[in-house]
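To keep things clear, I will list the structure first and then write my remarks on it.
Only this structure's heavy atoms are used, side chains among them; waters, hydrogens and symmetry mates stay out.
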Amino acid sequence: MVGVSVCGSVSSIRSLWENKIKKIQEEDAESKKRKRGGRLSVGAWEDRAFLSRLREKLVTEDGRLILRIEKEEWKVLPSCVVQLSQVQEMQIHRAGLTCLPLCISSFRGLIVLDLSRNAVTQVPTQIGELSHLRELSLSYNRLQSVPAELSGCESLERLELSMNRDLHTLPDQLMKLKRLTHLDLSMNAFCSLPECVLALPALEWLDMGGNQLTSLPEDIHRMECVHTLWLQRNQLERLPDNISRMGCLDTLVLSNNKLKDIPSLMEDMTRLRFVNFRDNPLTDDVSLSLPAAPERQTGTERETGTEGGETEQEEEDDREMFGRDFMIHYIRESRKRAYAVLNMHRVC
């Protein structure tokens, strides 16, 4: 009887010990589960907080839903932004944004994407899936290249890439942008006009000012729809004769280059309304005799000037001296001098 009693006691103790261990293990597992659940809920809370902040930036204008962020620190857009995929326009300025989210392709209805004045260094290839995008501005960023996939934005009409400093080339595939009419490549590092630009069929407005262009292509007349061409602050030494075959060109800015002559064929560009040759080392010293300036009114009108500090009359004089009239007068005077030199040689 004594032995049986001992065995029963040992069995009871073992059972109690096993139950205790099992309970400890269950509590430990429950604790780990709670911890894991806590981390998930923190992440979910952060997403809700980000999404709440983003929704505060939504406005509706002209029936278009716009996400507008300015002068706030958003180096990276959170992944939860995909929940706002119904947005039609993004305006994110001075936010320190360094990259575009890969989920940008989810914004299939996006019409305008304006990320100017940030710190974007790269454009994801997924941007090419935005087939309804009409305007893209990445000016004042840090781009060194543009993906060929951008050519997939078949509705693109306006592309602004100014002031990226190290941007010096564009992929040939961009010639597929059949609707692009406005292209701003100013203040970059282009040494030549990209081939794809020459091939853009609908291009009307081009700014290549502030680059490192030393020459223009001989077939520049391929840009047959361009009416405004900005080429100021480059290193151009001559203009190709075929520039005279740009039948739609009415505004041509060539100030601050190294031009020594004006092609005589430009005299026949009857559609050209304004051309600026200011600050070029033109070979011939030619000037127009301007009519006396009319008396200006006294008071505040006399003090009013243009943004650059020039008065309205001075601005008009600049147009006269460096505009189309000056160009034609220069060509004719240069031609007369050439004939005079030729006749002098004949006499000798």
Contacts under 3.5 angstrom, residues 185-192 side chains, donor-acceptor by atom type, not counting sequence neighbours:
unit_1, atom_1, unit_2, atom_2, d
S186, OG, D184, OD1, 2.8
N188, OD1, N164, N, 2.8
N188, OD1, R165, N, 3.2
N188, ND2, L161, O, 3.0
N188, ND2, L185, O, 3.0
N188, ND2, S186, O, 3.2

May I ask you to decide if D325's main-chain N or O and Y330's side chain share a donor-acceptor pair within less than 3.5 Å?
-> no
Contacts of H93 meeting side-chain hydrogen bond (donor to acceptor under 3.5 Å, both in side chains) (sequence neighbours excluded), chain-then-number -> D114
S139 and S116: side chain to side chain donor-acceptor pair (under 3.5 Å), yes or no, with the steps? CA-CA 5 Å; S139 295; S116 54; over 6 Å; no
With a 3.5 Å cut-off and sequence neighbours excluded, list the donor-acceptor pairs that the side chains of residues 148-157 form with protein atoms.
unit_1, atom_1, unit_2, atom_2, d
S151, OG, A148, O, 2.8
S155, OG, S131, O, 2.7

Rounding to 0.5 Å, atoms CZ (R335) and CG (D284) come to a distance of 12.5 Å
When rounded to the nearest 0.5 Å, the distance separating CG of L159 from CG of L177 is 7.5 Å
Side chain D207, main chain L231, donor-acceptor under 3.5 Å: no
In the single-linkage hydrophobic clustering (I, L, V, M, F, W, Y; side-chain heavy atoms under 4.5 Å), do L100 and L102 co-cluster?
no
Quiz item: Can you find a pair of side-chain heavy atoms, one from F326 and one from L282, that are under 4.5 Å apart?
Solution: yes
| Any sub-3.5 Å donor-acceptor pair from S52's side-chain atoms to R48's backbone N or O? | no
Kindly indicate whether the side chain of M223, heavy atoms from C-beta on, has any atom under 4.5 Å from the side chain of M246. yes
Indicate yes or no for a side-chain donor-acceptor contact from H329 to the backbone of M327 under 3.5 Å, with no hydrogens or angles considered. no
| said: When you compare the side chain of S334 with that of I331, does any pair of heavy atoms fall below 4.5 Å? | reply: no
(Q) Contact between E160 and R158 at the side-chain level, heavy atoms closer than 4.5 Å - yes or no? (A) yes
To the nearest 0.5 Å, atom CG of L167 lies from atom OG of S162 at 10.0 Å
Rounding to 0.5 Å, atoms CG (L200) and CG (L206) come to a distance of 9.0 Å
Across all chains, not counting sequence neighbours, the side-chain contact (heavy atoms from CB on, under 4.5 Å) partners of R108 are E129
**Check: N276 side chain, G323 main-chain N or O, donor-acceptor pair, under 3.5 Å** = no
- prompt: After noting the C-alpha distance and the side-chain angles of V120 and L143, does the key distance pass the side-chain contact (heavy atoms from CB on, under 4.5 Å) rule?
  reply: CA-CA 6 Å; V120 177; L143 296 177; 4.0 Å; yes
SG (C196) and NZ (K176) are apart, to the nearest 0.5 Å, by 12.0 Å
* Asked: Under a 4.5 Å side-chain heavy-atom rule over Ile, Leu, Val, Met, Phe, Trp and Tyr, are V112 and L136 clustered together?
  -> no
Hphob cluster co-occupancy, F107 + L58, side-chain heavy atoms under 4.5 angstrom
yes
**Request:** Report yes if the side chains of S137 and L113 come closer than 4.5 Å at any heavy-atom pair, otherwise no.
**Result:** no
Determine whether V146 and V123 satisfy the following criterion, side-chain contact (heavy atoms from CB on, under 4.5 Å), listing intermediate values before the conclusion.
CA-CA 7 Å; V146 176; V123 180; 5.8 Å; no
Heavy-atom closest pair (P217 atom, P240 atom, distance to 0.1 Å) is O-CG, 3.6 Å
**Asked** In terms of hydrophobic clusters joined by side-chain contacts under 4.5 Å, are M163 and L138 together?
**Response** no
Indicate yes or no for a side-chain donor-acceptor contact from D241 to the backbone of L265 under 3.5 Å, with no hydrogens or angles considered. no
Value for CD1 (I243) from CG (L249), rounded to nearest 0.5 Å, stands at 6.5 Å
*asked:* Please check: side-chain N/O of R324 versus main-chain N/O of L272, any donor-acceptor pairing under 3.5 Å?
replied: yes
Q: Taking the side chain as every heavy atom from C-beta outward, state whether L54 and W74 have any pair of such atoms under 4.5 Å apart.
A: yes
- Query: Near R142 CZ, under 6.0 Å, is it more than 12 heavy atoms from other residues, nucleotides or ligands?
  - Reply: no
The salt bridge (charged side-chain N to carboxylate O under 4.0 Å, His left out) partners of E218 (sequence neighbours excluded) come to R238
Practice item. Output, in order, the C-alpha distance, side-chain angles, deciding distance and verdict of side-chain contact (heavy atoms from CB on, under 4.5 Å) for L133 and I111. Key: CA-CA 4 Å; L133 191 66; I111 297 173; 5.8 Å; no
Would the number of heavy atoms belonging to other residues, nucleotides or ligands and lying under 6.0 Å from CD of E224 be above 12?
no
Count I, L, V, M, F, W, Y as connected when their side-chain heavy atoms are under 4.5 Å apart, and connections chain through other members. Are F50 and I69 then in the same cluster?
yes
Heavy-atom nearest pair, M208 first then P194, reads CE-CD, 4.2 Å
Contacts satisfying side chain to side chain donor-acceptor pair (under 3.5 Å) that involve residues 225-237 (not counting sequence neighbours) are Q235-K258
Report the C-alpha distance between F277 and L259 in whole Å, list the side-chain angles of each, state the deciding distance to 0.1 Å, and finish with yes or no for side-chain contact (heavy atoms from CB on, under 4.5 Å). CA-CA 8 Å; F277 285 99; L259 296 173; 4.1 Å; yes
* **Check: T98 side chain, K75 main-chain N or O, donor-acceptor pair, under 3.5 Å** => yes
Point to revise | Donor-acceptor contact present, side-chain D279 to main-chain N256, <3.5 Å | key: no
Test item: E61 and R68 side chains (from C-beta on) under 4.5 Å apart, heavy atoms: yes
Can you see whether Q88 engages R64 through a side-chain donor-acceptor pair at a distance of less than 3.5 angstrom? no
Task: Check: D219 and L198 side chains under 4.5 Å, non-hydrogen atoms - done: yes
Given the options I92, I66, L67, K57 meets side chain to side chain contact (heavy atoms under 4.5 Å, CB included) only with L67
